[in-house]
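Any value given below was found using the heavy atoms of this structure, including those in side chains, with hydrogens, waters and symmetry copies removed. A quick note: this is a predicted structure, and the numbers were derived from the prediction, not measured. Read the numbers this way: they start at 1 and go in the same order the structure lists the ligands and their atoms.
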Amino acid sequence: MTATDTVNPPAATPAVPAVPAQTRHTRPPRSAIKARGEQVTLATIIIVPLAAVAAAIPLVWNQWISWRDVVLATVMYMITGHGITIGFHRYFTHRGFKAARPVRIALAVAGNMAIEGPVIRWVADHRRHHAFSDKAGDPHSPWRYGTGTGAVARGLWHAHIGWLFDIEQTDQRRYAPDLLDDADMVRVSRLFGVCVLVSLAAPALVGGLWGGSFEAAVQAFFWASLVRVAVLHHVTWSTNSICHVVGKHPYKSRDRSGNVWQLAFLSMGESWHNLHHAEPTLARHGVKPWQLDSSAYLIKLMETLHLVHDVRWPDPARLAAKEA
Ligand SMILES: [Zn+2]
Ligand SMILES: [Zn+2]
């Protein structure tokens, strides 16, 4: 793919063609209404969990939290987070291993439950990110506006959250034809709303039954639904923003991706992002023994249990050749 294949138009070009005079002052087209509706939904999905995080500190102070909430939030974080890292990212986007149909569907559902968009859209966006990383056409490069301090600050915001509101979306037929041709994946993508409901309601239901009261259900919803979603959102988006601005660059890559050890634990190994851009199809991103990568450990466990096969593990000779 060449730079001339850019999907996004240059910044100076309007994303939407000018409206012809005779069609002005008429009702906005259906697609525009839908796009606006999606943006309101997206803003709600981002702001409500974030507000919960802001409220969390005084609530912890007042001991409005129990071990039950911590366990539920951790379990939900691990299921939905690894749904993204192992499922959406290492499997569906980069084909780092192969899996049988039930595992494939389970991974897509777990990823949907992270509330970061339906599987096919997520994969299409991420493949476009790798096709153009940190160049024109990258949906979320922090270097979009330049290299000055103000430009990078603006770029960080764009790479972290702003890009999600871009009206122009990645062409899924071009970037994810394999998933569009897979009836299971089309169905799971369409069931995104149901997955969101389950992701938010399950902790409340389990918490309520476990604690035996309505307050226990509300408390579990707060911690294991809202706070958990917010933390996972911002950790995932930090890979797009922070890991393309700071970090170490031990391997050769075409972009500015860096390894950020501080995020390794919460990102489940995804913040070894320089290695990932150097060797995108590897199932393991933390390639050194001390580089924490819980996604890789789980893939290893799944391989041992024969749930996945043909895993692309790092090859020391190839890695040595990629060292910067
Ligand atoms: Zn990246
Ligand atoms: Zn990737």
Legend entry - Side-chain donor-acceptor pair present, H285, S295, cut-off under 3.5 Å: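 No, because no side-chain N or O of H285 sits under 3.5 Å from a partner of the opposite role on S295.
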
Inset, instruction - Any chance you could lay out the salt bridge (charged side-chain N to carboxylate O under 4.0 Å, His left out) test for R90 and E270, step after step, and finish with the verdict? - result: CA-CA 10 Å; R90 302 188 197 192; E270 298 282 281; 2.7 Å; yes

Legend entry - Electrostatic pair R104:D184 at N-O distance under 4.0 angstrom: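 Salt bridge between R104 and D184, a charged N being under 4.0 Å from a carboxylate O: no.
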
Inset, instruction - Quick one: report the N, O or S atom of H94 that is nearest to the Zn ion (ligand 2). - result: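 Answer by atom name: NE2.
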
Legend entry - Considering only N, O or S atoms of H89, the one closest to the Zn ion (ligand 2):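 Checking each N, O and S atom of H89, the shortest distance to the Zn ion (ligand 2) belongs to NE2.
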
Legend entry - Passing option when R127 is tested against D178, D171, D138 for salt bridge (Lys or Arg N to Asp or Glu O under 4.0 Å):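 One option only clears the test, and that one is D178.
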
Inset, instruction - Tell me the protein N, O or S atoms under 2.8 Å from the Zn ion (ligand 1), in chain and number order. - result: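 Correct list: H129 NE2, H244 NE2, H273 NE2, H277 NE2.
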
Legend entry - Hydrophobic cluster membership, M268 vs I86, 4.5 Å side-chain cutoff: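 No, separate clusters.
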
Inset, instruction - Might you work through the salt bridge (charged side-chain N to carboxylate O under 4.0 Å, His left out) test for R173 and D181, ending with a clear yes or no? - result: CA-CA 9 Å; R173 179 46 64 192; D181 291 339; 3.3 Å; yes

Inset, instruction - Examine distances only and state if a side-chain atom of W261 and a backbone atom of S271 form a donor-acceptor pair shorter than 3.5 Å. - result: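 No, W261 side chain to S271 backbone: no donor-acceptor pair under 3.5 Å.
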
